[in-house]
Amino acid sequence: MHDRVDDTGFATAPRYGEYLPQNGIPGPGGSGGKRCDMARRPGAVRAVLVGVVATAALAGCGTDGEGAAVSSSNAAEPLKTIVLINPNSSGSATASMVELATAEARGAARIVGITNEGAPALLTTPQDMETAARGVVRRGVEAARDPEVAAIVVSAFSDPGMAELDDAVTVPVFGIGTEAFREAAQGGRAFGIATVTSDPALVESFRQKAAELGIEGQYRGVRVTPGDATQLVTSPDRLDAALREAVRQSVDQDGARAVIMGGGPLSPSALRLQPQFDVPLVVAVNAAIRSALKVVE
């Protein structure tokens with residue numbers, strides 16, 4: 001799925017001279033890619049400043065770490081934009097989630113990713129969420145000033161800053177955690193969560209979210225992978241193995257009929273593991289983009 005992965009196992013945003021996937025289809029060695037070569041094509045790119053993040057609007061170029069990861073479309077008419085805010089500071093995770101969102105949008109909207117520089121690289125505690133929320137609100141308010149922005153997605157499972165941002169802007173705001181819960185509970189089915197987050201307060205917040213959404217009776221709890229989450233996410237193979245066991249426990253022991261992958265950066269694992277399970281593994285990023293598309297289209 002990814003052109004190139006860094007040592008975290010997530011796709012990195014393209015550099016000058018590389019290719020940006022179009023609608024999730026890699027360019028190198030095949031078709032569908034757009035060459036990202038701003039240095040050699042002066043005047044070809046119109047930079048749009050969104051807060052502190054510059055996005056390449058015409059050439060479809062992204063940057064690594066600093067700035068925004070952007071998807072582009074070949075549609076003749078201008079598309080509305082869905083802004084995906086990654087509440088953590090990992091640019092590679094932003095690029096990975098933008099790629100997923102772009103594939104889910106299927107050309108119906110332009111996806112622009114914003115990385116929350118200054119936040120922790122992985123959000124694992126309530127303090128991390130509080131720190132991240134401030135940046136999410138600030139960046140979301142700046143992004144919403146663009147008239148082309150039709151929706152904003154907060155792309156961390158605990159939805160940090162989502163409620164505050166929703167109060168501060170007029171465009172619809174979606175949280176990947178909330179939308180994943182709603183999708184997992186469809187049809188009254190029982191659901192659980194597989195995640196790398198072991199903090200008791202965060203785990204309890206998942207139950208509270210289910211109660212707030214009126215689906216606590218369907219909620220079957222959380223299965224947490226063992227070990228240090230920050231180390232686990234650096235190895236896709238180890239992450240997949242740990243999440244596979246967590247999903248198995250949620251299904252076999254807890255009776256879940258759908259399992260949410262509890263975290264935006266876990267979404268690629270969900271896609272890799274889905275063929276091994278009969279129950280749906282809910283990809284939180286995709287669930288939020290599907291909801292956002294309903295207000296964009």
Closer than 3.5 angstrom, by distance alone: can the side chain of [X] be matched with the main-chain N or O of [Y] as a donor-acceptor pair?
| X | Y | value |
| --- | --- | --- |
| Asn86 | Asn88 | yes |
| Ser205 | Leu202 | yes |
| Asp159 | Met162 | no |
| Arg110 | Gly107 | no |
| Thr102 | Val98 | yes |
| Glu179 | Arg182 | no |
| Asn116 | Pro87 | yes |
| Asp128 | Ala132 | no |
| Glu148 | Lys80 | no |
| Thr131 | Gln127 | yes |

Q) Within a radius of less than 6.0 Å around CZ of Arg257, do more than 12 heavy atoms belonging to other residues, nucleotides or ligands occur? A) no

Q.
Could you check whether atom CG of Asp278 has more than 12 heavy atoms from other residues, nucleotides or ligands sitting under 6.0 Å from it?
A. no

Q) Charged N to carboxylate O below 4.0 Å: is that the case for Glu245 and Arg248? A) yes

Q | Salt-bridge present (Glu212, Lys209; N to O < 4.0 Å) | A | no

Validation row: [X], [Y] side chains within 4.5 angstrom (heavy atoms):
| X | Y | result |
| --- | --- | --- |
| Thr234 | Leu232 | no |
| Thr195 | Thr225 | no |
| Val247 | Leu281 | yes |

Donor-acceptor pairs are to be reported for all side-chain atoms of residues 262-269 against protein atoms at under 3.5 Å, with residues two or more places apart or in another chain.
unit_1 : atom_1 : unit_2 : atom_2 : d
Ser267 : OG     : Gly264 : O      : 2.9
Ser269 : OG     : Asp240 : OD1    : 2.6
Ser269 : OG     : Arg272 : NH2    : 3.1

Q. Who passes side-chain contact (heavy atoms from CB on, under 4.5 Å) against Ala180, sequence neighbours left out?
A. Phe157, Ile260, Val282, Ala284

Q. Partners of Val295 by side-chain contact (heavy atoms from CB on, under 4.5 Å), sequence neighbours excluded?
A. Ala151, Pro172, Phe174

Q: Apply side-chain hydrogen bond (donor to acceptor under 3.5 Å, both in side chains) to the pair Ser89 and Glu117, showing each step before the final yes or no.
A: CA-CA 5 Å; Ser89 60; Glu117 280 103 1; over 6 Å; no

Q: For Leu84 and Val112, run side chain to side chain contact (heavy atoms under 4.5 Å, CB included): C-alpha distance rounded to whole Å, both residues' side-chain angles, the deciding distance at 0.1 Å, then the answer.
A: CA-CA 6 Å; Leu84 182 151; Val112 174; over 6 Å; no

Q) Would you say the side-chain atoms of Arg189 and Gln218 include a donor-acceptor pair closer than 3.5 Å? A) no

Q. Do Asp237 and Ser235 meet the criterion of a side-chain donor-acceptor pair at a distance under 3.5 Å?
A. no

Q) Would Leu100 and Asn286 satisfy side chain to side chain contact (heavy atoms under 4.5 Å, CB included), going step by step from the backbone distance to the final call? A) CA-CA 7 Å; Leu100 286 170; Asn286 294 43; 4.0 Å; yes

(Q) Using 30° and 60° as the class boundaries, would you call the ring planes of Phe181 and Phe191 parallel, tilted or perpendicular? (A) perpendicular

Q.
Test side-chain hydrogen bond (donor to acceptor under 3.5 Å, both in side chains) on Thr197 and Asp199; report intermediate values, then the result.
A. CA-CA 6 Å; Thr197 302; Asp199 184 272; over 6 Å; no

Q. What about Val251 and Leu243, same hydrophobic cluster or not, with Ile/Leu/Val/Met/Phe/Trp/Tyr joined at side-chain heavy-atom distances under 4.5 Å?
A. yes

Q. Where is the tightest heavy-atom contact between Ala185 and Ile215, given as atom of each residue plus distance?
A. CB-CD1, 3.7 Å

